[in-house]
Participant: 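Handing you this structure, nothing more for now.
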Amino acid sequence: MRWPALAAIPLVGCASLIGASFDDAHPAPTDAEVDVVDAHETLPDVSIEVPPPFVPTSLPGLAFWIDATQGVDVDGTNAVTVWHDLSANHYDAIPPNQATRAPKLVAAALGGKPVVHFTAADPDLLQTSWSGPGVANLSIFVVVRGYATSALRFQSTFGAIPYLIFPIDLAANAASPSFWLDVGDTQAHSADLFTYFDGGASVLETTWSTTVAATAATFLDGKLIEQRIVDPALPPASTLFIGGSLPATGFQASFTDGDVAEAIVYTSALDESARNAVEGYLLDKWAIAP
């Protein structure tokens, strides 16, 4: 039996399917469709907590803090009338009623920030109401630039030599400035911590401890310069001066030629972590390369 011939099947429109996969039948999603997020999908939390900026008041024992970027009152000539102590003690610095002049606030002078400029020839001087230190431990930080003789000084109220000089210039000339810390109640009863610095902007530091092996250490821009055994007491009854001191019996007054930007004093010997926090804050703030 012969079957009837089948009619030819037209192939028009089918050629495009030859060699195509099953997935090709579904077009790829557009960019707009890819960007659509399921309303029920929860994205992971990728936020990063940024620690708050360091402030000197965050450490215990803050006894004194002056900062040229805040708390400086001036007259019409930019001469300082009050440099406010930002600690809770309010040991504000004012020009003494002596034959001295007030230093001047100079804008945008260091790291784009103001400084208080002292001139030894005038001389310029500020005196605080702090009578001390009279404590077992002490940590001092001061940002200075130039021939910074006696940026901070505790001077005896009894007219004897100063108890603490920070820093003083042993070379007595601007060409070779040095950093020297002197603590004691007589000239023979003192500890001298000494190094040279180049007269540029620097963070000078000392930690003084009479409870931990009676040691004192000095640092320059965060680097340990010297450490030694010291006398086991810090005498009281001395006034804190900024920029030098008044003439005293048996001691020639010396004054600062240079800038003081910030000074911080703690009545504790800060550990390494705390000291690094203060150093980092000062170096970064005043744009000083360590």
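Because the structure is a prediction, the values reported are computed rather than measured. Below, each value reflects all heavy atoms present in this structure, side chains not excepted, and no hydrogens, waters or symmetry copies.
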Participant: Looking at Glu205 and Ser139, would you say the former's side chain and the latter's main chain have a donor-acceptor pair under 3.5 Å?
Facilitator: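 Between the backbone of Ser139 and the side chain of Glu205 there is no qualifying donor-acceptor contact (under 3.5 Å).
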Participant: For a side-chain contact (heavy atoms from CB on, under 4.5 Å) check, start with the C-alpha distance between Ile264 and Leu282, then their side-chain angles and the critical distance, and finish with the verdict.
Facilitator: CA-CA 10 Å; Ile264 308 171; Leu282 292 173; 4.1 Å; yes
Participant: Give every residue pair that meets the ring pair (Phe, Tyr, Trp, His ring centres under 6.0 Å) criterion with at least one member in residues 73-94, sequence neighbours excluded.
Facilitator: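 Applying ring pair (Phe, Tyr, Trp, His ring centres under 6.0 Å) to every pair that reaches into residues 73-94, excluding sequence neighbours, yields Tyr91-Trp130.
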Participant: Can you list the residues that meet the salt bridge (Lys or Arg N to Asp or Glu O under 4.0 Å) rule with Asp221, with sequence neighbours excluded?
Facilitator: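 Partners of Asp221 by the salt bridge (Lys or Arg N to Asp or Glu O under 4.0 Å) criterion come out as none, since no residue qualifies.
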Participant: Of the non-hydrogen atoms in Leu224 and Ala217, which two are nearest, and what is the gap between them?
Facilitator: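 Residues Leu224 and Ala217, closest heavy atoms: CD1-CB, 3.9 Å.
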Participant: List for me each residue that meets side chain to side chain donor-acceptor pair (under 3.5 Å) alongside Thr100, sequence neighbours excluded, and say none if there are none.
Facilitator: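 With neighbours one apart ignored, the set is empty.
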Participant: Kindly give the heavy-atom pair with the smallest separation between Val142 and Ala151, and that separation in Å.
Facilitator: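 So the minimum-distance heavy-atom pair works out to CG2-CB, 4.2 Å.
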Participant: To the nearest 0.5 Å, how far apart are CG in Asp92 and CG in Asn89?
Facilitator: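 Those atoms lie 10.5 Å apart.
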Participant: Taking only residues two or more places apart in sequence or in another chain, which ones pass side chain to side chain donor-acceptor pair (under 3.5 Å) with Asp85?
Facilitator: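 With sequence neighbours excluded, Asp85 shows a side chain to side chain donor-acceptor pair (under 3.5 Å) to Ser87, given in chain and number order.
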Participant: How long is the straight-line distance from OG1 of Thr256 back to CG of Asp124, given to the nearest 0.5 Å?
Facilitator: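 The distance works out to 9.0 Å.
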Participant: Honestly curious: do Leu204 and Ile225 fall in one hydrophobic cluster under the side-chain, below-4.5 Å linking rule?
Facilitator: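 Same hydrophobic cluster.
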Participant: Answer whether the closest heavy-atom distance between the side chains of Asn78 and Val106 falls below 4.5 Å.
Facilitator: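 No. Closest side-chain heavy atoms not under 4.5 Å.
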Participant: Donor-acceptor pairs under 3.5 Å, side chain of residues 114-123 to any protein atom, not counting sequence neighbours: which ones?
Facilitator:
residue	atom	partner	partner atom	Å
His117	ND1	Asp259	OD1	2.6
Asp122	OD1	Arg101	NH2	3.4
Asp122	OD2	Arg101	NH2	2.6

Participant: Show me the pairs that pass salt bridge (Lys or Arg N to Asp or Glu O under 4.0 Å) and involve residues 103-121, at least two apart or across chains.
Facilitator: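 Of all non-adjacent pairs touching residues 103-121, none passes salt bridge (Lys or Arg N to Asp or Glu O under 4.0 Å).
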Participant: Hey, what do you get for CG (Leu126) to CD1 (Ile242), rounding to the nearest 0.5 Å?
Facilitator: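 Rounded to the nearest 0.5 Å, the CG-CD1 separation comes out at 7.0 Å.
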Participant: Which pairs, with at least one residue in residues 51-70 and sequence neighbours excluded, count as a salt bridge (Lys or Arg N to Asp or Glu O under 4.0 Å)?
Facilitator: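 Every salt bridge (Lys or Arg N to Asp or Glu O under 4.0 Å) pair that includes a residue of residues 51-70, provided the two are not neighbours, is Asp67-Lys285.
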Participant: What I'd like to find out is whether the side chain of Phe141 reaches to under 4.5 Å of the side chain of Phe219, using heavy atoms alone.
Facilitator: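 A side-chain contact is absent here, since even the closest heavy-atom pair is not under 4.5 Å.
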Participant: Once side-chain contact (heavy atoms from CB on, under 4.5 Å) is applied, do any residues pair with Asp75, and if so which ones, sequence neighbours excluded?
Facilitator: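 Listed in chain order: Thr77, Ala79, Thr81.
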Participant: So, using side chain to side chain donor-acceptor pair (under 3.5 Å) as the criterion, who are the partners of Ser273 when residues are at least two apart?
Facilitator: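 Checked Ser273 against side chain to side chain donor-acceptor pair (under 3.5 Å); zero matches.
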Participant: To the nearest 0.5 Å, what is the distance between CD1 (Ile140) and OG1 (Thr267)?
Facilitator: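 The OG1 atom of Thr267 is 11.0 Å from CD1 of Ile140, to the nearest 0.5 Å.
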Participant: In chain order, what residues pass the salt bridge (Lys or Arg N to Asp or Glu O under 4.0 Å) check against Asp284, with sequence neighbours excluded?
Facilitator: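 Per chain and number, Asp284 pairs via salt bridge (Lys or Arg N to Asp or Glu O under 4.0 Å) with no residue.
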Participant: Count the heavy atoms belonging to other residues, nucleotides or ligands that lie under 6.0 Å from CD of Gln70, then report whether that count exceeds 12.
Facilitator: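 Above 12, so yes.
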Participant: Can you confirm whether Glu279 sits close enough to Asn276 that some side-chain heavy atom of one is under 4.5 Å from a side-chain heavy atom of the other?
Facilitator: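 Yes, close enough: below the 4.5 Å cut-off.
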Participant: Given side chains that start at C-beta, do those of Val143 and Leu110 come closer than 4.5 Å, heavy atoms only?
Facilitator: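 When only atoms from C-beta onward are counted, Leu110 and Val143 do touch, with a gap below 4.5 Å.
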Participant: What pairs of donor and acceptor atoms, side-chain ones from residues 53-66 against any protein atom, are under 3.5 angstrom apart with sequence neighbours left out?
Facilitator:
residue	atom	partner	partner atom	Å
Ser58	OG	Val55	O	2.7
Trp65	NE1	Glu262	OE2	2.9

Participant: Can you name the nearest heavy-atom pair linking Leu270 to Thr207, along with the distance?
Facilitator: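 Minimum heavy-atom contact is O-CG2, 4.3 Å.
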Participant: When you measure from the side chain of Arg145 to the backbone of Ala109, do you find a donor-acceptor pair of N or O atoms at a distance under 3.5 Å?
Facilitator: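 Checked: pair present.
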